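What follows is one structure encoded as structure tokens, with my remarks underneath.
Just so it is clear: chains get the letters A, B, ... in the order the sequence lines come, proteins before strands, and each one is counted from 1. What you are looking at is a predicted structure, and each value in this text was computed from that prediction instead of being measured.
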Protein chains: 2
Amino acid sequence: MPTDIPAVVVDRLPHYLRTLRLMLDDGIEVVSSRELGEALGTTPAQIRKDLSYFGRFGKQGRGYDVSALLGDLTRILGLERSWPVVLVGVGRLGRAIITYPGLTPEGFHVRAAFDADPSIVGSNVDSVPVRPASEMERFIRDERIEIAILATPGDVAQDVIDRLVACGIRGILNYAPMTPHVPNGITVRTIDPVQALQTMTFYLRDSEEEEDLLPKRNRGRRGNGRR
Amino acid sequence: MPTDIPAVVVDRLPHYLRTLRLMLDDGIEVVSSRELGEALGTTPAQIRKDLSYFGRFGKQGRGYDVSALLGDLTRILGLERSWPVVLVGVGRLGRAIITYPGLTPEGFHVRAAFDADPSIVGSNVDSVPVRPASEMERFIRDERIEIAILATPGDVAQDVIDRLVACGIRGILNYAPMTPHVPNGITVRTIDPVQALQTMTFYLRDSEEEEDLLPKRNRGRRGNGRR
DNA sequence: CGATGTGAAGCGTTTCACAGCA
DNA sequence: TGCTGTGAAACGCTTCACATCG
């Protein structure tokens, strides 16, 4: 398996996974890169090139065996096993994340949640124990946890990130609206709905003028959001 | 203002905004591209190049006036006004989104929520009225709403997207775990924590072997997640 | 002198086009 | 014949390096 895969390629693999599962559920056994591309909104060439980074999975003249490719991608992404995670910050958002039923079926198990507020420490959220922030490092080290979900306010997020990294966390799913700084080798993904909305408004900016049917100075074609 | 801006550039502007606000709060009046780059985890060159797509905002020998640049970026992104949005799908996730206090201060106002379930139609979530899905199109058209937040189950999401697009929605913030298909000119941003986690596991995949201190065949440097 | 704005170079990703194989 | 896998071309983004100017 090649040692340097473009990050954009890795980012697309979960999409492939999801679509292949749907196809398997529909009883589709073989799929061509053209068909997969249509389902995913990409080009056949991109799918073939992406997969070629990891090996040769197709049968010429036929396409890809859905079930086999599903298995291969699952293994490539490291999803044949389950992953324990911790959550930091048990506010409104943190609770919603713990309660979200989509993580467990994908193999991500929230083992503990941490918060600085003594009034909620000791309680349970959806059977996940809330522990004091001071015990965070020990728990992560003892349980050999590598993934953390961060749902604290933005102003303490960087401190928490530094602590997480120091005790062995290697992947952080960040819900705090801030710019995370981490050393090389640590993967951070930030989920930020406001940021997403703020990029959309750029493209919507002055559309009301167009809607008013006033044929002003001809507005040039503006780039649209990808996908 | 140029008519074709790379999408990656637009995606970064909200980050710039956020950081500039923090700097303004800290009383910083002037910032150089080097300082901004450090705060953002990018290079000075990228910031200068990004900004250059929209005009000339800096003073040579000095840097950028924080407050002025903030205003310019706010205008560029179309954020000097507030944006009405609708939410579709009032399940656990939909409620969490409505309840999330971060949208309103940024100027995004959820005007109505829609759901097919008659048992919740007519209720309010955090003072947002839940209306029947059948009234969705009329409401969007009457109120001239351009942005929708989608929080339905994945299997109905594409149908909803088609309806949204048909009645004038131009930007969709998609929380459904699926691949959205939209015509050109419609902006979709998908928020998918599972996808984010699944890309992280790729980089963590076989780290336990390394941890076990068994000096196996030398493992090459593997690419890490950007940022 | 210090920092911007920007052509041009460098680099990474996507697309093309076709050889090779079932 | 049909579709994969893949070098090579095309494209787009990032980085460089410097002329320019307060």
Side-chain angles (χ1 to χ4, degrees), chain A residues 1-13 15-16 20 23 28-66 68-70 72-73 76 199 221-227, chain B residues 1-13 15-16 20 23 28-66 68-70 72-73 76 199 221-227:
Chain A
M1 217 164 298
T3 180
D4 202 28
I5 315 281
V8 278
V9 173
V10 177
D11 283 356
R12 282 191 289 263
L13 298 186
H15 261 123
Y16 294 5
L20 287 166
M23 288 177 163
I28 300 172
E29 288 177 1
V30 173
V31 72
S32 69
S33 60
R34 186 184 46 74
E35 294 164 325
L36 233 195
E38 268 161 34
L40 284 158
T42 11
T43 64
Q46 180 157 87
I47 286 164
R48 294 203 300 276
K49 181 58 107 182
D50 281 359
L51 295 178
S52 78
Y53 283 104
F54 303 99
R56 316 180 52 163
F57 305 103
K59 304 224 182 309
Q60 275 155 329
R62 249 174 95 60
Y64 301 87
D65 182 291
V66 173
L69 185 54
L70 204 43
D72 288 329
L73 289 181
I76 287 165
T199 63
R221 184 120 200 66
R222 186 159 30 257
N224 78 314
R226 51 153 190 252
R227 181 165 303 155
Chain B
M1 217 164 297
T3 179
D4 201 28
I5 314 281
V8 280
V9 173
V10 177
D11 284 356
R12 282 191 289 262
L13 297 186
H15 261 123
Y16 294 5
L20 286 166
M23 288 176 163
I28 300 172
E29 287 177 4
V30 173
V31 73
S32 70
S33 59
R34 186 183 47 73
E35 294 164 326
L36 234 194
E38 266 160 35
L40 283 158
T42 12
T43 64
Q46 179 156 88
I47 286 166
R48 293 202 302 275
K49 180 59 105 181
D50 282 358
L51 295 178
S52 78
Y53 283 103
F54 304 98
R56 316 180 52 164
F57 306 101
K59 305 224 182 309
Q60 275 155 330
R62 246 175 98 61
Y64 301 89
D65 182 289
V66 172
L69 185 54
L70 204 43
D72 288 329
L73 289 181
I76 287 166
T199 63
R221 184 119 201 69
R222 186 158 34 255
N224 79 313
R226 57 167 177 241
R227 179 165 305 153

Taking only side-chain N and O atoms of [X], does any of them lie within less than 4.0 angstrom of OP1 or OP2 on [N]?
X     : N      : result
B:S33 : C:dT4  : yes
A:Y53 : C:dT13 : no
A:S32 : D:dC3  : no

Counting only distance, no hydrogens or angles, is the base of D:dT14 paired donor-acceptor with the side chain of B:Q46 under 3.5 Å?
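Answer is no: no donor-acceptor pair is held.
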Look at the side chain of B:R48 against the base of C:dG5 and say whether a donor-acceptor pair falls under 3.5 Å; ignore hydrogens and angles.
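Yes, a donor-acceptor pair under 3.5 Å.
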Map every base of DNA chain D to its dot-bracket character, where paired means a Watson-Crick or G-U wobble contact with both distances under 3.5 Å and | marks a partner outside the strand.
||||||||||||||||||||||
Can you identify which nucleotide, out of C:dT4, D:dA8, D:dT14, has its nearest atom closest to the B:V8 side chain?
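The answer is D:dT14.
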Rounded interatomic separation in angstrom, taking [atom1] from [X] and [atom2] from [N]:
X     : N      : atom1 : atom2 : value
A:E38 : D:dC3  : CD    : P     : 12 Å
A:L51 : C:dT14 : CG    : P     : 13 Å
A:R56 : D:dC3  : CZ    : C1'   : 13 Å
A:I47 : D:dG5  : CD1   : P     : 12 Å
A:K59 : D:dG5  : NZ    : C1'   : 14 Å
B:I5  : D:dC13 : CD1   : P     : 11 Å
B:Q60 : C:dG5  : CD    : C1'   : 7 Å
B:L69 : C:dA3  : CG    : P     : 16 Å

If you round to the nearest 0.5 Å, how far is CZ of A:R48 from OH of A:Y53?
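The distance works out to 14.0 Å.
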Flag the pair [X] / [Y] as yes when at least one side-chain heavy-atom distance between them is below 4.5 Å, and no otherwise.
X     : Y     : answer
B:D65 : B:L69 : no
B:L13 : B:F54 : yes
A:I47 : A:D50 : no
B:V10 : B:I76 : no
A:T42 : A:L36 : no

Among residues two or more places apart or on two chains, list those pairs meeting salt bridge (charged side-chain N to carboxylate O under 4.0 Å, His left out) that have a residue in residues 31-40 of chain A.
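Sorted result for residues 31-40 of chain A: A:R34-A:E38.
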Relative to the 5' end of DNA chain C, which residue comes earlier, A:P6 or B:R62, by the nucleotide with the nearest heavy atom?
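With A:P6 and B:R62 compared, the 5'-side residue is B:R62.
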Find which nucleotide of DNA chain D each of A:K49 and A:G61 is nearest to by heavy atoms, and output the residue with the more 5' nucleotide.
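By nearest-heavy-atom nucleotide position, the 5'-most residue is A:G61.
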